[in-house]
Peer 1: 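Attaching a single structure in structure tokens format; questions to follow.
Remember, it's a predicted structure, so these values are computed and weren't measured experimentally.
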Amino acid sequence: AGGGPLLPDSVLYEIFLYLDHADVLSVGLVCQQWRAVARDEFLWKELFYRYYRISREVPRHPAAVSWYDEFQRLYDTIPCVEVQALKEHSDQVLHLSFSHSGCLFASCSKDCTVKIWSNELDISLQHSSNMRPYNWSYTQFSQFNSDDSLLLVSGVFVGPHNSSSGEIAVISMENFTLLSRVRNKPYDVFGCWLNETNLISGNLHRIGRITSCSVLWLNNAFQGIESENVNVVKRLFKIQNLNASTIRTVMVADCSRYDSPDLLLDYEEQLAASSTSTCPVFDLGSDSEEEEAKPKQAPEPAVQELLDDVGVPAEDGLQQLFDDIMEGRVRPAMTDTELETKVAELFVRNRTKPPELNLLSTDSNSKTKYLIFTTGCLTYSPHQIGIKRILPHQMTTAGPVLGEERRSDEFFDSLDHVIDIHGHIIGMGLSPDHRYLYVNSRAWPRDCVISDPMQPPPIAEEIDLHVFDLKTMKEVKRALRAHRAYTPNEECFFIFLDVSRDFVASGAEDRHGYIWDRHYNICLAKLQHDNVVNSVAFSPVEQELLLTASDDATIKVWRSPRAVRSQQPWRPRPRKLLFSWLLNQNS
């Protein structure tokens, strides 16, 4: 415990190899000695904290039986051994997704195909769909529905005059036929399933140079409905965008699963103690963490004049603003961008449906779901996470196409909750129990000021992986770090991440995939490629299997050392390495 050398990886492998086969008679006395070592909790606890450089304030994983078992879990069950490289794609591979059964997975690529793979011991290609006949440039995202009968595929569609938008295709897994196609704008909304037969897409309507309206649509996967009286589409939400921002990257979280999480990340909650976390909660009215934590500063006089009319009807507020501008009472003079934003804010003030007031008190037995997406309020780069509750009656296309009849004061929908990231969001993923949201972001400078929404701040090369508890709407743990990205913000692209029961993995632009332990918040493995790693995917039924996809046009298959050994007949290994290491320590 004082300062002796740590066990080298090669020796650790020998230890676990022999302990795994301790019942084999040929191991003999040495194995019995190591079995005794394995029962020494103090030794393994000390070795665990020193080897992984973890603070001793962090408790042992709640599901761990012993320190030895926990040491072995982190060392021996990480999918870090490359067992297969799939090279059937001819261009950059952008995304990977598993079926819920784990039997199949899909891959999307710049070669404009979506490929379906059979997940067996030796993975093989089962089907490939080329989307170029439908004027697609490339496929970018896919997702299986809840019963794995349908596959949603999102891509970039080339329209008139070479304009690019998005499109979603639905493919049957029974015979790989194309069932329907849905327009999706902007293309990085991606799209997602709400339930077995309904999916969410987006549309964007420009109102001004930097003002727009995002409409989220609920679509039936089977567009060829026999009855003309049955809707195949219905408007879900209509949300105003300011300062060139738009809604992107939609996903759905199932609230009913929050009270039975696979892993609680709050250590005090693990011990059944009441949490006193001071992590910030960001509401719709706050722009940043600093704004929530610090007292409000008095605005500039000219801005104060514009804020004093909050209680005034929107029409009167607009008229007052125009009168002040014409008579020169607004100083300093507002730019065209500032004027457009202010007019849009005044216009929407009395035309927006109020948010749900009890977002955090969701009944765990209800069928309520959250729609989660990236958005913003200061610039076009996504820097906020919007959350909107989807009520049970909204989960079907039945009823009016434009949704419930709206009054003039409910023309737009407001967001129920907003989380400010203070950086460019480049990836999001849900834990398997939908309790935690993991967010890849590249931070802005701490005290940056955005004066032009078309010129966002520079972004850091280091990627922060934030974790938010969707039950409390609080950030938990410190951000995970290790991975990096180098593309500037105007060219920044999505780097997909994935979460299993115990691990979280992400791609990166530094030619590696990364794996962290969710409980201990430590990086466990780097997985090498020859180019940018765009996407990672754990098998939903076997977290010791991980896939990575890269710009090198390759999908790599990674398994844990334990899984690799279990697939090979065991033979006693030479003990020279183990004994030489012990001999050196004794001398």
Side-chain angles (χ1 to χ4, degrees), residues 146 189-203 213-219 233-241 245-261 281-286 348 351-377 382 384-400 402-407 409-421 425 428-431 433-439 468-475:
S146 57
V189 168
F190 294 122
C192 66
W193 290 105
L194 177 62
N195 49 43
E196 287 185 5
T197 58
N198 293 292
L199 59 100
I200 296 174
S201 65
N203 201 359
C213 171
S214 287
V215 180
L216 297 171
W217 293 92
L218 187 63
N219 307 267
V233 64
K234 184 174 75 173
R235 188 173 68 189
L236 198 56
F237 300 119
K238 187 175 184 179
I239 298 169
Q240 186 197 45
N241 304 312
S245 64
T246 61
I247 287 178
R248 316 174 191 213
T249 318
V250 297
M251 60 178 58
V252 172
D254 185 351
C255 307
S256 65
R257 302 161 67 178
Y258 289 175
D259 290 331
S260 55
V281 179
F282 306 107
D283 295 322
L284 185 61
S286 65
V348 79
R351 292 174 172 82
T352 301
K353 185 178 181 179
E356 298 287 342
L357 298 179
N358 57 343
L359 189 64
L360 299 181
S361 61
T362 302
D363 181 3
S364 61
N365 295 320
S366 73
K367 297 181 180 179
T368 302
K369 297 182 179 182
Y370 288 161
L371 181 65
I372 302 171
F373 46 84
T374 63
T375 182
C377 64
Q384 291 179 320
I385 298 169
I387 299 176
K388 186 68 181 171
R389 176 181 288 179
I390 307 175
L391 300 176
H393 73 274
Q394 297 174 307
M395 299 184 190
T396 172
T397 56
L402 297 181
E404 300 174 357
E405 185 175 347
R406 295 170 177 249
R407 304 192 305 266
D409 60 346
E410 295 184 351
F411 186 78
F412 293 108
D413 295 288
S414 59
L415 305 187
D416 296 330
H417 196 79
V418 173
I419 301 172
D420 197 302
I421 299 298
I425 299 171
M428 293 199 305
L430 289 166
S431 60
D433 53 24
H434 287 205
R435 172 72 180 264
Y436 298 98
L437 177 68
Y438 286 75
V439 181
F468 295 95
D469 186 338
L470 292 178
K471 184 174 182 180
T472 64
M473 295 297 169
K474 295 181 179 180
E475 185 170 7

Peer 1: With Leu371 as reference, evaluate Leu415, Val252, Leu194 under the side chain to side chain contact (heavy atoms under 4.5 Å, CB included) test and give the passing residue.
Peer 2: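 Running side chain to side chain contact (heavy atoms under 4.5 Å, CB included) over Leu415, Val252, Leu194 with Leu371 returns exactly one hit, Val252.
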Peer 1: What heavy-atom pair brings Arg389 and Phe237 nearest, and what distance separates the two atoms?
Peer 2: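 Closest heavy-atom pair between Arg389 and Phe237: O-CZ, 3.5 Å.
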Peer 1: Please name the pair of heavy atoms, one in Lys388 and one in Ser414, separated by the smallest distance, quoted to 0.1 Å.
Peer 2: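 Closest approach of Lys388 to Ser414, heavy atoms only: NZ-O, 2.7 Å.
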Peer 1: Treating His434 as the side-chain partner and Asp254 as the backbone partner, does any N or O pair qualify as donor plus acceptor under 3.5 Å?
Peer 2: yes
Peer 1: Can any side-chain N or O of Lys234 pair as donor or acceptor with the backbone N or O of Met395 at less than 3.5 Å?
Peer 2: no
Peer 1: Okay, side chain of Ser431, backbone of Tyr436: is any donor-acceptor separation there less than 3.5 Å?
Peer 2: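 Such a contact is found between Ser431 side chain and Tyr436 backbone.
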Peer 1: Roughly how far apart are Ile421 CD1 and Phe468 CZ, rounded to 0.5 Å?
Peer 2: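 Here the rounded value is 3.5 Å.
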Peer 1: Calculate, to the nearest 0.5 Å, the distance between atoms CE and CE belonging to Met428 and Met251 respectively.
Peer 2: 4.0 Å
Peer 1: Rounded to the nearest 0.5 Å, what's the gap from NZ on Lys474 to CG on Asp469? Could you check?
Peer 2: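 Reported value, rounded in 0.5 Å steps: 9.0 Å.
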Peer 1: Under the side-chain hydrogen bond (donor to acceptor under 3.5 Å, both in side chains) rule, collect the residues that match up with Asn203, sequence neighbours excluded.
Peer 2: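 With sequence neighbours excluded, Asn203 shows a side-chain hydrogen bond (donor to acceptor under 3.5 Å, both in side chains) to no residue whatsoever.
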Peer 1: Which residues pass the side-chain contact (heavy atoms from CB on, under 4.5 Å) test with Ser201, sequence neighbours left out?
Peer 2: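 Testing Ser201 for side-chain contact (heavy atoms from CB on, under 4.5 Å), a comparison that skips the adjacent residues, returns Ile168, Val182, Asn184, Trp217, Asn219.
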Peer 1: Can you tell me how far the SG atom of Cys192 sits from the CG atom of Leu199, to the nearest 0.5 Å?
Peer 2: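 Rounded to the nearest 0.5 Å, the SG-CG separation comes to 8.0 Å.
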Peer 1: For Lys471 and Arg435, indicate whether the former's side chain and the latter's backbone hold a donor-acceptor pair under 3.5 Å.
Peer 2: no
Peer 1: Hey, does Ile372 have a side-chain heavy atom less than 4.5 Å from the side chain of Leu470?
Peer 2: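 Yes, at least one pair of side-chain atoms sits under 4.5 Å.
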Peer 1: Atom CD1 in Ile425, atom CD1 in Ile385: separation rounded to 0.5 Å?
Peer 2: 4.5 Å
Peer 1: Taking all heavy atoms of Ile247 and all of Val189, pick out the closest pair and write down the distance.
Peer 2: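 Reported closest heavy-atom pair: O-CG2, 3.4 Å.
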Peer 1: List the atom of Gly376, the atom of Ser245, and the distance in Å for their closest heavy-atom pair.
Peer 2: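 Residues Gly376 and Ser245, closest heavy atoms: O-OG, 3.1 Å.
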Peer 1: So which heavy atom on Phe412 is nearest to which on Gln240, and how close?
Peer 2: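 So the minimum-distance heavy-atom pair works out to CD2-N, 3.8 Å.
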Peer 1: Working to the nearest 0.5 Å, report the span between CG of Leu218 and CG of Asn198.
Peer 2: 4.5 Å
Peer 1: Quick one: closest heavy-atom pair of Phe373 and Ile387, and the distance?
Peer 2: CZ-N, 4.5 Å
Peer 1: Which residues pass the side-chain contact (heavy atoms from CB on, under 4.5 Å) test with Thr197, not counting sequence neighbours?
Peer 2: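 For Thr197, the residues satisfying side-chain contact (heavy atoms from CB on, under 4.5 Å) (neighbours in sequence not counted) are Asn195, Phe222.
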Peer 1: Looking at Lys238 and Asp413, does any basic side-chain N land under 4.0 Å from a carboxylate oxygen?
Peer 2: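 Salt bridge flag = no for Asp413 with Lys238.
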